[in-house]
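A quick write-up on the structure given underneath.
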Amino acid sequence: MRWAAAFILVLGFALAAPAPALAAPPPYYPPIEYVPAARANYDVGRTMAITQIVIHETAGTWFSAINWFQNPRSRVSAHYLVKAWGGGILQFVAESDTAYHARVANPYSIGIEHEFDPRHGVYHTDSQYRSSALLVCAIARRYGIPTDRNHIIGHNEVPGTDHSDPGPTWNWTYYMSLVRACSADRAQAVALAALRTIDDQGFVPSAGLEPETVSDEVALLQWDLAYLGFLDAEEVAGGGGRFGPLTEAAVTAFQESNGVAPTGSFGAPTAAAIVQSLVANPSDVPVVDLDVDTESNDVARLQTALEKLGYIDRVTGYYGAMTSDAVSTFQQDNGIEPTGAYGPVTRMALATRLRAPAAGDELGDVAPDSQVAVVGMALGSVMFVDAAVMP
């Protein structure tokens, strides 16, 4: 019963230690219990976007791993631990914080430990594989990470590592088949959508946009960048959704401010970084698509936003002709096809316009390009940008 006493002691430390508030994960995450790691074993926040998931083996029991992450002298942790028997998942570090699990990969990865201890008869099980695959799919969905072996790697594949886990008993073929299976519905939904966005992140387009592309996806990217302070809203409204030099320069500036390689192209790491930035800096506009005959609190929020900008004079909660006309007028004023329906491009344009300084504020209506500089400011785990008047 020595292990039982040790486990009770570990849980006692977990309950006694001051734990930061951990936001509830999205509803598509598998069941997770939170046991905070010792504060000395991770860094608060991140310096880079989350672009990889690192798979580990514990080389010890479930209880010893918990004890190790709770020990402030160990200086190690992982975001998650998956139990061999039953596939239960514990979380030790928030995804927005930097766990100490893979050295150079710590800033841009999420670490998942898997209980594995052959000396005591603990091997990988089907329930562990399946539970871990569901967790990986959820993480990939949240941050727009491709579900392939370039982005889901072993600890032994991290550059410069001296670790060998997961070892030869880890079945990568089977594991990745489970990951691909649970991400198939997401891939199909995105492919069939009229506007390709990262799943459950309707305010960020899917990766893969190239210079000279003209599309609604480009327009959405431009409004995202305008909301974050990297593009001028008037340029976006008159740009026609074209991925030109201004957009390429804005993408590069965003990448430089968020620890992504400054290529100017919109790939998976940049998409993930934009998701994180927008999630960390939300606007008070509905995040769901809306159209005629809808009645809800989200419609009331949309009407409130339109009222602030002078496009409507009543908040009813019902999406009728009055709201459709107001949305159409807003769309026309911002270079968006005037459908009267509220979708991703309109959402980010509305959020950007609400964020703009009002007449008489320090910047006035629109400051000339020569007077505006993008300034990086630390906000939580991401870099947020705003405009400031230059001398």
Side-chain angles (χ1 to χ4, degrees), residues 23-29 141-142 144 185-186 188-190 192-206 215-229 231 233-234 236-237 241 271 274-359 365 384:
Y28 49 80
Y29 269 53
R141 174 176 175 176
R142 188 175 193 178
D185 291 342
R186 175 175 67 92
Q188 183 179 32
V190 171
L192 293 176
L195 184 66
R196 295 179 64 250
T197 62
I198 295 174
D199 194 40
D200 268 17
Q201 305 291 354
F203 36 74
V204 178
S206 294
S215 68
D216 285 343
E217 283 78 20
V218 174
L220 178 57
L221 171 61
Q222 290 170 334
W223 282 113
D224 288 342
L225 292 167
Y227 180 79
L228 294 171
L231 268 177
E234 300 306 321
V236 178
I274 289 181
V275 168
Q276 290 173 259
S277 294
L278 294 178
V279 167
N281 299 280
S283 175
D284 191 23
V285 297
V287 297
V288 297
D289 294 351
L290 299 169
D291 208 340
V292 174
D293 287 336
T294 303
E295 187 170 10
S296 66
N297 289 333
D298 283 321
V299 173
R301 289 177 64 199
L302 170 60
Q303 292 169 332
T304 299
L306 291 167
E307 184 181 42
K308 289 179 180 177
L309 295 174
Y311 285 93
I312 203 169
D313 60 6
R314 291 195 305 279
V315 175
T316 65
Y318 175 71
Y319 203 126
M322 176 185 70
T323 305
S324 179
D325 289 345
V327 171
S328 292
T329 304
F330 174 82
Q331 291 168 329
Q332 286 177 323
D333 289 347
N334 288 277
I336 304 168
E337 182 181 359
T339 62
Y342 176 78
V345 178
T346 305
R347 174 181 307 123
M348 289 314 302
L350 185 62
T352 301
R353 293 304 191 183
L354 286 170
R355 190 171 208 130
D365 287 320
F384 174 68

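When a residue number appears, it is its place in the shown sequence, counting from 1. A quick note: this is a predicted structure, and the numbers were derived from the prediction, not measured.
The heavy-atom pair separating Pro344 from Asp289 by the smallest distance is CD-OD1, 3.7 Å. Listed here is the closest heavy atom pair of Gln331 and Thr339: OE1-N, 3.0 Å. Between Met322 and Thr316, the shortest heavy-atom contact is CE-CG2, 4.3 Å. Taking both residues in full, the closest heavy atoms of Asp224 and Val204 are given as OD2-CA, 3.6 Å, listed atom of the first, atom of the second, then distance. Taking both residues in full, the closest heavy atoms of Val315 and Ala300 are given as CG1-O, 3.7 Å, listed atom of the first, atom of the second, then distance. Across all non-hydrogen atoms, the minimal contact from Ala305 to Leu350 is CB-CD2, 3.8 Å.
Between the CH2 atom in Trp223 and the CG atom in Leu231 there is a gap of 10.0 Å [rounded to 0.5 Å]. Taken to the nearest 0.5 Å, the NZ atom of Lys308 stands 13.5 Å off from the CD atom of Gln303. Between the CG atom of Leu221 and the CG atom of Asp216 there is a distance of 12.5 Å, given to the nearest 0.5 Å. Atom CG of residue Leu306 and atom OH of residue Tyr311 lie 8.5 Å apart, to the nearest 0.5 angstrom. Between atom CZ of residue Arg301 and atom OG of residue Ser296 there is a gap of 9.5 Å, rounded to the nearest 0.5 Å.
Within the 4.5 Å cutoff, the side chain of Asp293 has heavy atoms near those of the Tyr318 side chain. Taking 4.5 Å as the limit, some side-chain heavy atom of Tyr28 sits within range of a side-chain heavy atom of Arg142. Considering only heavy atoms from C-beta on, Asp284 stays 4.5 Å or farther from Thr304 through its side chain. When side chains are defined from C-beta on, Val327 counts as touching Tyr319, because their heavy atoms get closer than 4.5 Å. Between Thr329 and Asp333, some side-chain heavy-atom pair lies under the 4.5 Å cut-off.
Tyr227 contributes no side-chain N or O that, together with a main-chain N or O of Leu278, makes up a donor-acceptor pair within less than 3.5 Å. Side chain of Arg353 to backbone of Asn334: no donor-acceptor contact under 3.5 angstrom is found.
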